[in-house]
K.L.:
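Please read through the structure below; I'll follow up with questions.
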Amino acid sequence: MSAALDYRNLSPEVAARFERIRQRPVILSVRGLKKTYGVNGSTRTVFDGVSIDIRRREFITVIGPSGCGKSTFIRIIAGLDECSGGVALLDGREIGEPGPDRGMVFQGYTLFPWLTVKRNVMFGIEMRGKDKFTAESEARQWLDMVGLSKFEESYPHELSGGMKQRVAIARALANEPRILIMDEPFGALDAQTRAQMQSYLLQIWKKVDITVLFITHDLEEAAYLSDRIMVMGTNPGRIVEVIENPIPRPRSTAQFVSPEYLALKLRLEELIHPPIDVEEDKLPVVKLTKAGDDVE
Ligand SMILES: Nc1ncnc2c1ncn2[C@@H]1O[C@H](COP(=O)(O)OP(=O)(O)OP(=O)(O)O)[C@@H](O)[C@H]1O
Ligand SMILES: [Mg+2]
């Protein structure tokens with residue numbers, strides 16, 4: 001396996017961006033976070049020793065093999081699950097219950113099907129004690145931001161998958177959270193809609209003072225969106241590397257052939273798919289069909 005990325009030939013623009021991010025205050029500080037479950041009388045460790053500082057307006061993606069604890073990690077940050085050790089601080093305060101300072105967007109569509117798009121977005125604003133008139137005007141602004149003004153009176157079942165996720169983003173942002181937590185939000189979308197949603201999300205992120213913690217299985221998505229990529233490993237779950245993303249912003253598809261992108265992708269592939277340790281010649285030879293020409 002090759003070493004970590006080589007940052008010696010970074011462009012001045014990218015080096016300056018890294019430096020700007022390092023100057024920003026830490027919003028989310030995670031120290032020695034641990035999660036265990038009791039299973040049939042024994043203790044199963046999901047992850048241990050997870051520590052990271054996330055800075056204001058950073059866009060962090062989390063990748064790692066299935067089962068390494070990505071969703072568990074962000075559920076703890078969201079206050080939906082309890083940790084078994086360590087601490088997570090948001091703006092210096094220990095995270096406990098869910099709160100309006102954390103917005104959530106999941107893969108499954110979580111809109112209220114019986115409410116219109118506008119009322120879905122108004123819901124959280126009214127829950128925070130704002131009057132109906134203010135909630136309506138704020139909801140309209142958020143729907144404008146995600147480009148869905150024309151659909152404010154539609155119901156969720158009248159929208160496409162991508163549009164539903166845009167409403168979910170508007171609804172999460174309407175609570176004015178400090179951090180937007182997204183668990184594979186575009187995982188159920190087709191490739192084209194997904195690419196469109198990634199571009200929308202970056203546009204929204206530029207306009208709103210928001211820090212994003214985003215789980216994905218898709219290395220290209222992580223490379224396209226993030227400032228840093230937190231790579232988790234499994235058995236036991238842990239952080240194996242946190243990578244500063246060397247691809248310049250604004251990003252475009254042309255960058256998918258740039259040397260920075262190829263180096264990043266190779267590194268991510270190595271970390272996520274370490275070499276298989278079963279030697280090919282030790283696998284049992286089973287032929288289920290009459291073999292024709294041998295394949296390579
Ligand atoms: N309530 C529970 N009791 C016992 N084990 C659990 C419980 N919830 C989750 N786990 C275990 O914790 C581990 C991490 O699960 P988690 O859903 O966080 O993984 P993930 O990295 O998000 O996976 P994926 O990429 O498939 O979404 C899994 O092995 C899972 O079986
Ligand atoms: Mg998950």
Side-chain angles (χ1 to χ4, degrees), residues 28-52 54 59-88 90 95-98 102-111 161 164-165 168-169 172 177 179-191 193-194 197-198 201 211-226 228-243 245 264-265 267-274 276:
L28 178 69
S29 182
V30 179
R31 287 278 159 270
L33 206 68
K34 177 177 181 177
K35 179 67 183 176
T36 58
Y37 285 107
V39 182
N40 301 329
S42 62
T43 304
R44 190 179 174 280
T45 302
V46 179
F47 55 73
D48 196 0
V50 169
S51 299
I52 188 165
I54 297 178
F59 198 126
I60 300 269
T61 48
V62 182
I63 62 168
S66 187
C68 70
K70 302 179 297 296
S71 296
T72 307
F73 171 68
I74 64 164
R75 283 176 59 80
I76 293 170
I77 304 301
L80 298 170
D81 213 338
E82 279 185 0
C83 66
S84 318
V87 67
L90 184 63
I95 288 173
E97 307 280 291
R102 281 147 290 152
M104 294 287 294
V105 180
F106 300 100
Q107 180 176 356
Y109 308 124
T110 48
L111 303 176
K164 282 183 210 169
Q165 284 307 65
I169 293 169
I179 185 161
L180 183 62
I181 300 171
M182 310 180 88
D183 193 350
E184 304 200 41
F186 309 147
L189 303 175
D190 65 87
T193 310
R194 186 178 188 138
M197 289 297 293
Q198 292 163 357
L201 181 60
T211 306
V212 186
L213 183 58
F214 185 110
I215 292 184
T216 179
H217 268 113
D218 181 340
L219 306 187
E220 285 188 9
E221 184 165 73
Y224 179 66
L225 294 174
S226 63
R228 279 191 297 160
I229 303 170
M230 171 174 143
V231 186
M232 291 183 73
T234 191
N235 292 323
R238 66 205 186 284
I239 296 181
V240 290
E241 199 160 299
V242 181
I243 302 178
N245 187 338
L264 175 64
K265 183 92 188 290
R267 182 64 184 155
L268 293 174
E269 291 279 3
E270 285 175 338
L271 292 169
I272 299 288
H273 309 293
I276 297 167

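Counting starts at 1 for both ligands and their atoms, in listed order. Atoms considered below: every heavy atom in the structure, side chains included; atoms not considered: hydrogens, waters and symmetry mates.
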K.L.:
Where the closest heavy atom to atom 9 (C) of ligand 1 is concerned, which of Phe47, Phe73, Tyr37 has it?
P.N.:
Tyr37
K.L.:
State, to 0.1 Å, how close Arg102 and Glu97 come at their nearest heavy-atom pair, and which atoms those are.
P.N.:
NH2-O, 2.9 Å
K.L.:
Among all protein heavy atoms in this structure, tell me which lies nearest to atom 14 (C) of ligand 1, with the distance rounded to 0.1 Å.
P.N.:
Gly67 O, 3.4 Å
K.L.:
Around atom 24 (P) of ligand 1, find the nearest protein heavy atom and jot down its residue, atom name and distance.
P.N.:
Ser66 OG, 3.6 Å
K.L.:
Check whether Asp183 reaches the backbone of Ser71 with its side chain - one donor and one acceptor, N or O, closer than 3.5 Å.
P.N.:
no
K.L.:
Under the side-chain contact (heavy atoms from CB on, under 4.5 Å) rule, what do Thr216 and Leu225 come out as? Steps first, then yes or no, please.
P.N.:
CA-CA 10 Å; Thr216 179; Leu225 294 174; over 6 Å; no
K.L.:
Please compare Ser71, Gly187, Gly69, Gly38 and report which has the shortest non-hydrogen distance to atom 22 (O) of ligand 1.
P.N.:
Ser71
K.L.:
At a non-hydrogen distance cut-off of under 4.0 Å, which region of Val46 contacts ligand 1 (side chain, backbone, both, or neither)?
P.N.:
side chain
K.L.:
Would you kindly specify which portion of Arg44 sits under 4.0 Å from ligand 1, judged on non-hydrogen atoms: side chain, backbone, both or neither?
P.N.:
side chain
K.L.:
Is it true that some N/O/S atom of Thr72, main chain or side chain, lies under 2.8 Å from the Mg ion (ligand 2)?
P.N.:
no
K.L.:
May I ask you to list the atoms of ligand 1 that are less than 4.0 angstrom from any heavy atom of His217?
P.N.:
25 (O)
K.L.:
How close does the nearest protein non-hydrogen atom get to atom 25 (O) of ligand 1, and which residue and atom is it?
P.N.:
Lys70 NZ, 2.7 Å
K.L.:
In ligand 1, which numbered atoms sit nearer than 4.0 Å to a non-hydrogen atom of Thr72?
P.N.:
14 (C), 15 (O), 16 (P), 18 (O)
K.L.:
Any protein heavy-atom neighbour for atom 2 (C) of ligand 1 (distance below 4.0 angstrom)?
P.N.:
yes
K.L.:
Donor-acceptor check, side chain of Glu241 to backbone of Met232, threshold 3.5 angstrom: yes or no?
P.N.:
no
K.L.:
Any nitrogen or oxygen of Gly64, main chain or side chain, under 3.5 Å from a nitrogen or oxygen of ligand 1?
P.N.:
no
K.L.:
Got a protein heavy atom sitting under 4.0 Å from atom 31 (O) of ligand 1?
P.N.:
no
K.L.:
Between Leu268 and Ile229, does a side-chain contact (heavy atoms from CB on, under 4.5 Å) hold up when you go through it step by step?
P.N.:
CA-CA 9 Å; Leu268 293 174; Ile229 303 170; 4.0 Å; yes
K.L.:
Parallel, tilted or perpendicular: which one describes the rings of Phe59 and Phe214, with boundaries at 30° and 60°?
P.N.:
tilted
K.L.:
Going through the distances and angles, do Ile95 and Ile76 end up as a side-chain contact (heavy atoms from CB on, under 4.5 Å)?
P.N.:
CA-CA 8 Å; Ile95 288 173; Ile76 293 170; 5.8 Å; no
K.L.:
For Met182 and Pro185, which heavy atoms make the closest approach, and how far apart are they?
P.N.:
CB-CG, 3.7 Å
K.L.:
Any atoms of ligand 1 less than 4.0 Å from a non-hydrogen atom of Cys68? List them with their elements.
P.N.:
21 (O)
K.L.:
Just so I know, are the side chains of Ile54 and Met230 near enough to count as touching, which here means a heavy-atom distance under 4.5 Å?
P.N.:
no
